[in-house]
Amino acid sequence: MRVRFAPSPTGFLHVGATRTALFNWLAARHSGGVFILRSDDTDQERGSDEFYADILDGLNWLGLQWDEGIEVGGPYEPYRQSERLERYSEVAARLAADEKAYRCFCTAAELDERRKAAQAEGRPPGYDGRCRTLEPSEVAGRLEANEPAVLRLAVPRPGTTTFQDVVREEVSFDHEHVEDFVLLRSDGSPTYHLASTVDDVDFEITHVVRGEDLLSSTPKHILITEAMGAAPPAYAHVSLLLGPDGRKLSKRHGDTALHSYRNGGFLPEAVLNYLGLLGWSFGDDESIFSTAEMVERFELDDIQKNPAVFDNDKLLWMNGVYIRELELDDFIARTRPLVEADLGREFTVEDLETYRLVAPLIQERMKVLTEAPDQVRFLFVSDVAYDDAAWKKVLAKPEARVSLEGALSRLSDLGEWVSESIEGALREMLAELGLNASKGLQPVRVAITGSRISPPLFESLAALGKEESLRRLRDVFGRL
RNA sequence: GCCCCCAUCGUCCAGCGGCCUAGGACGCCGCCCUUUCAAGGCGGAAACGGGGAUUCGAAUUCCCCUGGGGGCACCA
């Protein structure tokens, strides 16, 4: 099995395209085949190096290693269409010579007008084929006179193209609805249909796994392949990813670029797992599974036919699951840079010790890694930012003074500053003052962390250290 | 307008003629745990779009309707 992912560097790597890449990769790995990465960069206008790099970065981040293709090379290089232009011209010339393609001199304006007229009359809007019957001598003459011309495929008429799609089974198109489409533009450059198809033939692709948006272009690709005298590959058209509104997922739905998930604190394993669940399932009612397990079970023909809505909440949940599964050291290694960036400084040895104490606590309560700074900031800054609402709802209450005073006296006398002893001291305080845990402890939490929401209190105090904890309690008490 | 594809809880999947009074996951609701927030545990509400046909029997097969999606470029 030889499959390919052939993005066009005209935009950032999109999650929908990423899922297509994943399915290609899975199919290759499952079958022991070859996964090829090709760059469909015939569009000089919109393509850019930035997009190209973004695509490579994204695939690398996810670990979707390709065996052959751009950057890594291979027996069929080059794998960038912009470097294969001669080959497309060669194929086009050959098709023209074999009379499987012909020159068309119709101008864009003429075509547009006829298309509109056809549509208005309810006829298929495609090219009407009028240049197909031009005399060879006339064609030669107009070419000689440098009249602009495109090359079109002479689609067999009447006719039908039928193929067995791996996910959709039999699909059929009457050629009445397949126009004599353009192979070569008037400047001699190849269209997507030509370039992509020639590459699939040349690279000996066995299975074309791509988005459903290309389903209706497939007869064109099969026709080109046959005109080249080659056998078409198997096609597997994967349904599209939809936004919450049920429309094709696009920029308008917000973060659709893969890199925004990476930057947003998502783990590659979680993204892979989630994407794998969109249109495919592990079976056994399991929704959490490793990439290796996916490879073991993946089959192209198990892919779901209907489009899937991308559910951010479920991805978020899943990412939380993966975060909790991280080894502590790994978790620290991934979140430390985020915290340091937030603080605007690197961790000191003491900072790292402090962070090691709270890391396991925050690890349990995060959905994305980028939440880390907010959760631990109070430990590393000297001027805590007090949340207005928290101050009003907790510290402004009469019992706050009582509880802070009690905590202050109990904690000042504490010898060993660890969470167990701190808890013991504060519980004694609660009993003595007759306060319940909520009333008695929340003021301490707010005084220490600045917020009503924080990691567990006793551990937080332990991590903060005795001196600084007492300083904050005293400071807040003084301000009441 | 024309062509193609699709159709199970709000969402993602399971189901491939009887095991279905339709199962799991996210989300939602309730309870428990609990110093907050999470996490975790337990429970709950929630779907086979409609109509025909085949069959002893249809979520599962066929047809029509409806609905949704995609495509109709000298873009990819």
Side-chain angles (χ1 to χ4, degrees), chain A residues 6-11 40-43 45-47 104 106-108 111-112 115 118-127 148-152 165 167-168 171-174 176-179 181-187 189 191-193 195-196 211-219 237 239-240 242 244 246-248 274 277-288 304-318 320-321 324 361-367 375 390 394 423 426-427 430 436-442 444-446 449 451-458:
Chain A
S8 174
T10 53
D40 280 13
D41 56 356
T42 50
D43 188 346
E45 302 257 312
R46 298 188 298 156
C104 165
C106 298
T107 66
L111 294 171
D112 202 46
R115 183 161 26 240
Q119 232 175 78
E121 290 169 38
R123 285 182 287 116
Y127 178 63
V150 299
L151 187 73
R152 289 180 183 274
D165 191 279
V167 342
R168 282 153 216 283
V171 181
S172 185
F173 289 86
D174 190 312
E176 194 185 335
H177 303 290
V178 182
E179 64 172 345
F181 57 98
V182 175
L183 260 17
L184 243 35
R185 303 188 187 100
S186 52
D187 65 0
S189 64
T191 59
Y192 164 76
H193 298 304
S196 173
E212 194 192 347
D213 50 341
L214 264 352
L215 186 60
S216 44
S217 296
T218 304
H237 287 93
S239 64
L240 266 15
L242 271 28
R247 318 265 320 187
K248 183 175 170 180
Y274 180 67
L277 222 41
L278 252 29
W280 182 77
S281 87
F282 191 69
D284 291 357
D285 287 340
E286 290 297 325
S287 47
I288 300 288
Q304 188 93 12
K305 294 185 185 59
N306 53 323
V309 173
F310 190 88
D311 180 5
N312 231 305
D313 283 343
K314 189 161 185 175
L315 208 208
L316 237 20
W317 163 78
M318 193 170 277
V321 171
R324 273 171 251 128
L361 272 21
I362 65 168
Q363 183 176 7
E364 288 176 49
R365 52 202 83 217
M366 287 185 1
K367 283 193 171 14
Q375 304 239 33
V394 179
E423 175 166 8
L426 290 178
R427 290 214 185 274
L430 291 177
N436 66 28
S438 171
K439 290 210 152 131
L441 260 21
Q442 278 300 81
V444 178
R445 179 190 310 283
V446 175
T449 69
S451 165
R452 279 178 295 171
I453 298 169
S454 81
L457 183 58
F458 310 127

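The basis for the numbers below is simple: all heavy atoms, side chains too, and nothing from hydrogens, waters or symmetry mates. A quick note: this is a predicted structure, and the numbers were derived from the prediction, not measured. The sequence lines fix the lettering, A, B, ..., with proteins before strands; numbering per chain opens at 1.
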Look at the side chain of A:S216 and the base of B:rC3, then say whether one donor and one acceptor between them are separated by less than 3.5 Å.
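Donor-acceptor pair under 3.5 Å: no.
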With [atom1] as the reference atom in both, quote the distance from [N] to [M] in angstrom, rounded to an integer.
N      : M      : atom1 : value
B:rC42 : B:rA25 : P     : 10 Å
B:rU8  : B:rA14 : C1'   : 10 Å
B:rG23 : B:rG50 : C1'   : 25 Å
B:rC19 : B:rA58 : C1'   : 15 Å
B:rA59 : B:rC13 : C1'   : 15 Å
B:rC9  : B:rU55 : C1'   : 29 Å
B:rC48 : B:rC20 : C1'   : 10 Å
B:rA38 : B:rC32 : P     : 16 Å

Please check this pair: side chain of [X] against backbone of [Y], looking for a donor-acceptor N/O pair closer than 3.5 Å.
X      : Y      : answer
A:R168 : A:H237 : yes
A:T42  : A:Y192 : no
A:Y274 : A:N312 : no

Heavy atoms under 4.0 Å, any strand shown: does [X] hit a base, just sugar-phosphate, or nothing?
X      : result
A:F458 : base
A:V150 : base
A:S186 : base
A:H193 : base
A:Q442 : sugar-phosphate
A:P456 : base
A:E176 : nothing
A:S196 : nothing
A:L457 : base
A:G126 : nothing
A:R168 : sugar-phosphate
A:Q375 : nothing
A:G440 : nothing
A:L214 : base

Report the base-pairing partner of [N] (Watson-Crick or G-U wobble, both distances below 3.5 angstrom), or none.
N      : answer
B:rC16 : none
B:rG67 : B:rC6
B:rU34 : none
B:rC72 : B:rG1

What is the distance from [atom1] of [X] to [atom2] of [N], rounded to the nearest Å?
X      : N      : atom1 : atom2 : result
A:R247 : B:rG67 : CZ    : P     : 15 Å
A:L215 : B:rG70 : CG    : C1'   : 8 Å
A:D311 : B:rG10 : CG    : P     : 14 Å
A:N436 : B:rU36 : CG    : C1'   : 13 Å
A:D40  : B:rA76 : CG    : P     : 9 Å
A:M318 : B:rC12 : CE    : C1'   : 9 Å
A:K439 : B:rU36 : NZ    : P     : 14 Å
A:D285 : B:rG24 : CG    : P     : 7 Å

With a 4.0 Å limit, can you tell me whether [X] has a side-chain N or O closer than that to the phosphate oxygens OP1/OP2 of [N]?
X      : N      : value
A:K367 : B:rA39 : yes
A:R152 : B:rC74 : yes
A:N312 : B:rC26 : no
A:K248 : B:rG68 : no
A:T42  : B:rA76 : yes
A:R324 : B:rG40 : yes

I want to confirm an ordering. Mapping A:A437 and A:C106 to their closest nucleotides on RNA chain B, which one lands closer to the 5' end?
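The residue whose closest nucleotide sits nearer the 5' end is A:A437.
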Mapping A:Y274 and A:T107 to their closest nucleotides on RNA chain B, which lands nearer the 5' end?
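Looking at RNA chain B, the more 5' nearest nucleotide goes with A:Y274.
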How about A:E423 and A:P456: do any of their side-chain heavy atoms sit closer than 4.5 Å?
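A side-chain contact under 4.5 Å is absent here.
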Just checking, is any N or O donor in the side chain of A:D187 or A:S189 under 3.5 Å from an acceptor N or O on the other one?
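Note: A:D187 and A:S189 side chains meet the donor-acceptor criterion.
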Picking from B:rC3, B:rC6, B:rC74, which would you name as closest to the side chain of A:H177?
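Of all the options, the side chain of A:H177 is nearest to B:rC3.
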Which heavy atom in A:Y127 sits nearest to a heavy atom in A:L111, and how many Å separate them?
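Answer, listing the atom of A:Y127 first, then A:L111: CD1-CD2, 3.4 Å.
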Find the distance between OG1 (A:T449) and CG (A:L457) and round it off to the nearest 0.5 Å.
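Rounded to the nearest 0.5 Å, the OG1-CG separation comes to 8.0 Å.
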